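Step one of this worksheet: look at the structure below.
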2 protein chains.
Amino acid sequence: MAAVQTTSVGSPFGSVNAPRRSVLADEIYEILKSKLMDNVVEPGARLSIDGLSRDLKVSATPIREALARLESDGLVTKKAHHGYTAAPLIDARTFEELFRMRLLLEPACASWAAQVATPRQITGMEDLIAEMKPPLSGDGYESYKAFASQDAAFHVALATATGVGLMVETLERLRPHAQLYRLYYTIGIADDTMREHERVLEAVTRRDEAGAAQAMSAHLTASRARLAGALGQPETD
Amino acid sequence: MAAVQTTSVGSPFGSVNAPRRSVLADEIYEILKSKLMDNVVEPGARLSIDGLSRDLKVSATPIREALARLESDGLVTKKAHHGYTAAPLIDARTFEELFRMRLLLEPACASWAAQVATPRQITGMEDLIAEMKPPLSGDGYESYKAFASQDAAFHVALATATGVGLMVETLERLRPHAQLYRLYYTIGIADDTMREHERVLEAVTRRDEAGAAQAMSAHLTASRARLAGALGQPETD
DNA sequence: GCTCCCAAATTCCTATAGGATCTACGATCA
DNA sequence: TGATCGTAGATCCTATAGGAATTTGGGAGC
């Protein structure tokens with residue numbers, strides 16, 4: 001490795017000529033996390049250390065380190081002497097557990113946000129809702145993924161507006177949207193999500209804690225009902 | 001490394017002559033996790049990869065991997081080119097957040113357990129309460145740690161009795177007792193904890209969901225009040 | 001006495017090498 | 001024909017080596 005450490009053309013990480021501010025293991029971690037969250041790496045797929053090392057043109061050391069972190073994140077599973085596997089697709093039990101936890105956490109989250117959200121945060125959430133673009137009938141997979149990402153962004157912004165870091169961490173750890181977005185594609189998207197977000201935000205904006213909680217409950221209950229139909233169906237993509 | 005891989009006398013992991021069933025990195029992870037949870041490694045302490053490598057008589061590779069996992073677990077923090085540091089002691093803000101999250105999660109947890117706990121699970125929790133031994137005045141640090149461990153065990157058993165794996169994971173992720181037990185030592189222990197556990201369990205046993213939730217709320221509120229006094233005080237050990 | 005600079009030591013980070021383990025395939029035997 | 005065994009190749013796991021980055025200590029200058 002050259003003494004001037006730049007991420008130059010030809011390196012595994014694109015062509016930005018900038019001094020390296022992070023270490024390779026961190027960058028590998030982000031790349032792999034992104035691929036896992038986006039399901040570029042299919043749930044259940046083998047992740048070969050040597051294969052990734054060849055693909056990304058780095059040694060196994062940062063790969064191992066990144067995979068170790070991702071294991072603790074719950075995004076991959078490891079079996080000794082067998083290697084790593086992407087965490088499996090959500091099953092019916094986990095789906096129910098996930099919504100059960102969300103129905104416990106997120107109405108409270110909305111209620112807390114109704115107490116303390118700043119006008120700036122509220123405006124930010126309005127922007128997020130305005131930017132949501134439900135996929136049109138016949139749109140490709142990517143637009144469903146983008147919509148799920150926008151959906152997630154609203155929920156994260158709401159959690160952030162509570163000012164309770166542990167709430168943000170707890171919800172992020174559940175990774176609802178990364179787990180659910182493939183189900184969106186299967187059953188299509190209704191416009192209801194955006195309207196439901198708006199109702200949550202309206203209650204937050206008028207500092208109506210109970211209303212915010214109730215609106216979030218309604219959103220999640222409806223979301224669960226919408227997605228549940230997709231659980232038993234094979235992928236259509 | 002010999003073809004017959006045994007953890008023989010003289011290896012870093014004690015003197016049990018048994019075939020190796022796990023890999024070194026996993027074992028290092030458990031050792032370090034234990035030291036961090038038990039505060040054998042002080043909060044805020046540097047964790048030198050080379051130092052640990054020398055101490056544990058293994059190469060840096062499994063150390064790095066174990067530390068990477070522990071980073072994602074939230075037990076250590078890493079700064080590029082500086083290395084790893086044990087996560088700091090709980091501060092007042094985190095303390096408040098922690099109880100806020102617990103007051104959201106654990107009453108619901110108790111309520112769910114009241115719905116579905118098996119008689120066997122209830123008996124198990126009774127045993128856990130019976131085994132709790134509050135430290136006597138003048139007892140050493142270790143008995144406080146043991147009590148905190150018993151305290152934690154009851155909460156974990158209750159979460160397990162809900163049958164909701166995500167609830168168990170979510171509470172484990174918060175690691176309340178590992179974070180709080182040093183505060184127990186500072187302010188001493190009242191007998192109230194055991195009585196409060198008993199009240200929770202009585203409500204669970206008679207399937208009183210609301211009663212279980214209320215008893216858990218009361219327990220956590222009292223626990224918070226008991227421990228809050230210790231937060232601003234310097235360590236006395 | 002304080003500050004700055006430089007060199008040496010230490011530590012972090014990654015690549016490489018080698019051994020252990022697993023998997024797949026072909027050959028042999030009953 | 002099916003089961004078993006052996007071998008080769010692939011992959012996982014750990015140790016070691018070397019370079020990069022940071023820290024530490026000592027000396028010089030103000």
Side-chain angles (χ1 to χ4, degrees), chain A residues 1-8 10-13 17-32 41 44-72 75-86, chain B residues 1-8 10-14 17-32 41 44-72 76-86:
Chain A
M1 284 253 174
V4 178
Q5 188 69 354
T6 64
T7 55
S8 59
S11 90
F13 311 118
N17 287 312
R20 181 185 294 273
R21 291 182 179 272
S22 61
V23 299
L24 203 46
D26 288 347
E27 291 177 41
I28 301 287
Y29 170 76
E30 292 299 331
I31 288 169
L32 292 180
V41 176
R46 277 294 320 278
L47 287 159
S48 154
I49 294 164
D50 282 2
L52 288 169
S53 180
R54 282 190 300 265
D55 290 351
L56 298 175
K57 299 182 170 58
V58 298
S59 82
T61 310
I63 306 279
R64 297 187 65 85
E65 210 169 302
L67 285 171
R69 288 170 68 185
L70 291 165
E71 182 191 6
S72 284
L75 289 168
V76 298
T77 59
K78 177 180 117 172
K79 191 173 173 189
H81 293 299
H82 285 67
Y84 290 86
T85 305
Chain B
M1 284 260 184
V4 178
Q5 188 67 3
T6 63
T7 53
S8 57
S11 89
F13 311 115
N17 287 312
R20 180 185 296 276
R21 288 179 180 274
S22 60
V23 298
L24 203 46
D26 288 348
E27 292 178 38
I28 301 289
Y29 170 76
E30 292 299 331
I31 288 170
L32 292 180
V41 176
R46 281 292 320 279
L47 287 157
S48 156
I49 294 165
D50 281 3
L52 288 169
S53 181
R54 284 190 299 266
D55 288 350
L56 297 175
K57 297 183 168 59
V58 298
S59 82
T61 310
I63 305 280
R64 298 187 65 84
E65 211 169 300
L67 286 172
R69 287 170 68 186
L70 290 165
E71 182 191 7
S72 284
V76 299
T77 59
K78 176 181 117 169
K79 190 174 176 189
H81 294 297
H82 286 66
Y84 289 87
T85 305

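Both backbone and side-chain heavy atoms feed into the values below; hydrogens, waters and symmetry mates do not. Fair warning: this is a prediction, and the values are worked out from it, not measured in the lab. Chain identifiers are assigned alphabetically (A, B, ...) following the order of the sequence lines, protein sequences preceding nucleic acid strands; residue numbering begins at 1 within each chain.
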Quick one: list whatever passes salt bridge (Lys or Arg N to Asp or Glu O under 4.0 Å) with A/D26, sequence neighbours left out.
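A/D26 satisfies salt bridge (Lys or Arg N to Asp or Glu O under 4.0 Å) with A/R69, B/K78 only.
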So, A/R46 side chain and A/A86 main chain: donor-acceptor pair closer than 3.5 Å or not?
no
Output the rounded distance in Å from [atom1] ([X]) to [atom2] ([N]).
{"X": "A/D50", "N": "C/dC22", "atom1": "CG", "atom2": "C1'", "value": "13 Å"}
{"X": "A/Y84", "N": "D/dC12", "atom1": "OH", "atom2": "P", "value": "10 Å"}
{"X": "B/L52", "N": "D/dA15", "atom1": "CG", "atom2": "P", "value": "14 Å"}
{"X": "B/L56", "N": "D/dT14", "atom1": "CG", "atom2": "P", "value": "13 Å"}
{"X": "A/Y29", "N": "C/dT14", "atom1": "OH", "atom2": "P", "value": "16 Å"}
{"X": "A/H82", "N": "C/dA20", "atom1": "NE2", "atom2": "C1'", "value": "13 Å"}
{"X": "A/K79", "N": "C/dC22", "atom1": "NZ", "atom2": "P", "value": "9 Å"}
{"X": "B/I28", "N": "D/dA15", "atom1": "CD1", "atom2": "C1'", "value": "13 Å"}

With A/T77, which residues qualify under side-chain contact (heavy atoms from CB on, under 4.5 Å), at least two apart?
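Here the qualifying residues are A/T85.
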Residue set satisfying side-chain contact (heavy atoms from CB on, under 4.5 Å) with B/S59, at least two apart, ordered chain then number -> B/T61, B/P62
If you take any heavy atom closer than 4.0 Å to DNA chain C, which residues from residues 59-69 of chain B end up in contact?
B/R64
When you get a sec, tell me which of D/dC12, D/dT22, D/dT14 is the closest nucleotide to the side chain of B/L24?
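The nucleotide sitting nearest to the side chain is D/dT14.
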Where the side chain of B/H81 is concerned, which of C/dC13, C/dT11, C/dT23 is the nearest nucleotide?
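So the side chain of B/H81 is nearest to C/dC13.
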Taking OP1 and OP2 of C/dC12, is either one under 4.0 Å from a side-chain nitrogen or oxygen of B/R46?
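Yes, because at least one side-chain N or O of B/R46 sits under 4.0 Å from OP1 or OP2 of C/dC12.
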Test applied, side-chain contact (heavy atoms from CB on, under 4.5 Å); reference residue, B/I63; option that passes from B/L47, B/D50, B/D55, B/I49:
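With B/I63 as partner, B/L47, B/D50, B/D55, B/I49 yield a single side-chain contact (heavy atoms from CB on, under 4.5 Å), made by B/I49.
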By side-chain hydrogen bond (donor to acceptor under 3.5 Å, both in side chains) - contacts of B/S72 (at least two apart)
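So B/S72 forms a side-chain hydrogen bond (donor to acceptor under 3.5 Å, both in side chains) with A/D73.
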How about B/Y84 and B/E71: do any of their side-chain heavy atoms sit closer than 4.5 Å?
yes
